Amino acid sequence: MVGMPKMATARECREHYRDNLLVGFNALADLYYAYWGEFFHLAIFEPGSDPADLADAYEKTHERYLGALGGITTRRILDVACGGGALSAWLAARTAGEVVGVDQSDSQLAHASRWIAGGQRPNLRFVQHDAMRLSDLAEPPFDAAVCLDAACYLPDRELALRGLAARLRPGARLLLVDWCRAERLRRLQRELILEPLCRYWAIPDLETASGYRRSFEAAGFRILEIDDLSEQVLPNWDRGYQAALRAIAEPVRLGQLLRLAARTVPYGTMAIQAAKDQFQVALLAKAAGESGVLRYLSILAERT
Ligand SMILES: C[S@@+](CC[C@H](N)C(=O)[O-])C[C@H]1O[C@@H](n2cnc3c(N)ncnc32)[C@H](O)[C@@H]1O
């Protein structure tokens, strides 16, 4: 339609992934933390658990993830694309080992710095670095790495996995949890749900389980387990949807946050548009999750 803002193609998303990241995660940090919460990944709800008890679901989700990484005796853990650092802080509080959170976004790292203020967690550090270039990260080998809800933003996941493999000692575990898509989609599922979701989200595409299997193996990992957690995370999509409705019902507060987003980085109207796009993402993600188009996969692997 004439006059509508142009949306990025998959190729443009790949080429400009750093700009997208900065608009999305620098400018919108306050919006996300106001409407979503500290953990920027999905909570797993075990069958029979109370969908309203989010804190309990997150606690169990994190216990499960720490167990997959090797448990409380794991020495050095890398949290790739750690965002506001809440999971890094959770891990650091439960292990005697060292936890290093890495993210590219200044605003996310500013948020993360609250967890280490006043030297409260001497075994926790945050480092600004691009997850696409982890082979350059000046750190001794890690015993485990985790990457939650972030790989979907990366323009070349196999390349990122190769860089990550270079930071891990042989035998180290990697737990990657990501927003993926079903292996086979009908044309209308792509056209009506997946493609608009990716466009509003400014990400090139979503991975499949078989695509990840190939990339992990090519990057030097042996897959131990792939879990499809889609059914167990369904209540999260409703939570995002309700948060979007709440934002629309509070236009004054939302307007303040949008203005704040536009001021925090030199992106102006782009930041405002990105913030508005989050509303569409919340609506589409619920449809994508409930229709089975969107899959939430957990991949546990070992560095060979
Ligand atoms: C949805 S958040 C997830 C944050 C965190 N893992 C969590 O679960 O709470 C995605 C994060 O990925 C980060 N990110 C995206 N692309 C990145 C890149 N190329 N390098 C480093 N961080 C990146 C963003 O800045 C953002 O903090």
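Just follow the structure's listing: the first ligand is 1, and inside any ligand the first atom is 1. In this chain, numbering begins with 1 at the start of the sequence shown. A quick note: this is a predicted structure, and the numbers were derived from the prediction, not measured.
The aromatic rings of His111 and Tyr33 sit parallel, their planes meeting at an angle under 30°, below the 60° perpendicular limit.
Of the heavy atoms in Gln104, both backbone and side-chain atoms come closer than 4.0 Å to ligand 1. Of the heavy atoms in Val102, none comes closer than 4.0 Å to ligand 1. Residue-level proximity to ligand 1 for Cys147 is absent, since no heavy atom of it falls below 4.0 angstrom.
Remark: ligand 1 and Phe39 share no N or O pair separated by less than 3.5 Å (distance only, no angle test). For ligand 1, the polar-atom distance check against Asp103 finds a nitrogen or oxygen pair separated by under 3.5 Å. An N or O contact shorter than 3.5 Å links Phe40 to ligand 1 by distance. Backbone and side-chain nitrogen or oxygen atoms of Val80 are examined, and none is located within less than 3.5 angstrom of a nitrogen or oxygen of ligand 1.
Side-chain polar atoms of Ser88 and Asp79 form a donor-acceptor pair below 3.5 angstrom. A side-chain N or O of Glu183 and one of Ser210 form a donor-acceptor pair less than 3.5 Å apart.
Cation-pi geometry between Arg76 and Phe142 is met: under 6.0 angstrom from the ring centre, within 45 degrees of the axis. In this structure, Arg239 forms no cation-pi arrangement with Trp237, as its terminal cationic atom is not both closer than 6.0 Å to the ring centre and no more than 45° off the ring axis.
Atoms of ligand 1 found under 4.0 Å from any heavy atom of His129, numbered from 1 in the order shown, are 20 (N), 21 (C). Here is the list of ligand 1 atoms found below 4.0 Å of a heavy atom in Asp149: 1 (C), 2 (S), 3 (C), 10 (C). For ligand 1, the atoms lying closer than 4.0 Å to a non-hydrogen atom of Asp130 are 18 (C), 19 (N), 20 (N). Atom numbering of ligand 1 starts at 1 in the shown order; those under 4.0 Å from a heavy atom of His41 are 7 (C), 8 (O), 9 (O). Of all atoms in ligand 1, numbered sequentially from 1 with element shown, those under 4.0 Å from a heavy atom of Ala131 are 18 (C), 19 (N), 20 (N), 21 (C). Per-residue contacts place Ala150 under 4.0 angstrom from the following atoms of ligand 1 (heavy atoms of the residue considered): 10 (C), 12 (O). Each of the atoms 25 (O) of ligand 1 lies under 4.0 Å from some heavy atom of Ser105.
Taking the centre of each ring, Phe279 and Tyr200 stay at or above the 6.0 Å mark.
Under a 4.0 angstrom heavy-atom cut-off, Leu87 registers as lying outside contact with ligand 1. Within the 4.0 Å heavy-atom cutoff, Cys82 counts among the residues contacting ligand 1.
With Gln104 contributing its side chain and Asp130 its backbone, the two residues share a donor-acceptor pair below 3.5 Å. Of the possible polar contacts, none joining the Thr95 side chain to the Ile72 backbone as a donor-acceptor pair under 3.5 Å is found.
Here Asp156 does not pair with Arg162 in a salt bridge; the nearest charged N to carboxylate O distance is not below 4.0 Å.
Annotation: side chain of Tyr296 is not in contact with side chain of Asp178 (no heavy-atom distance under 4.5 Å).
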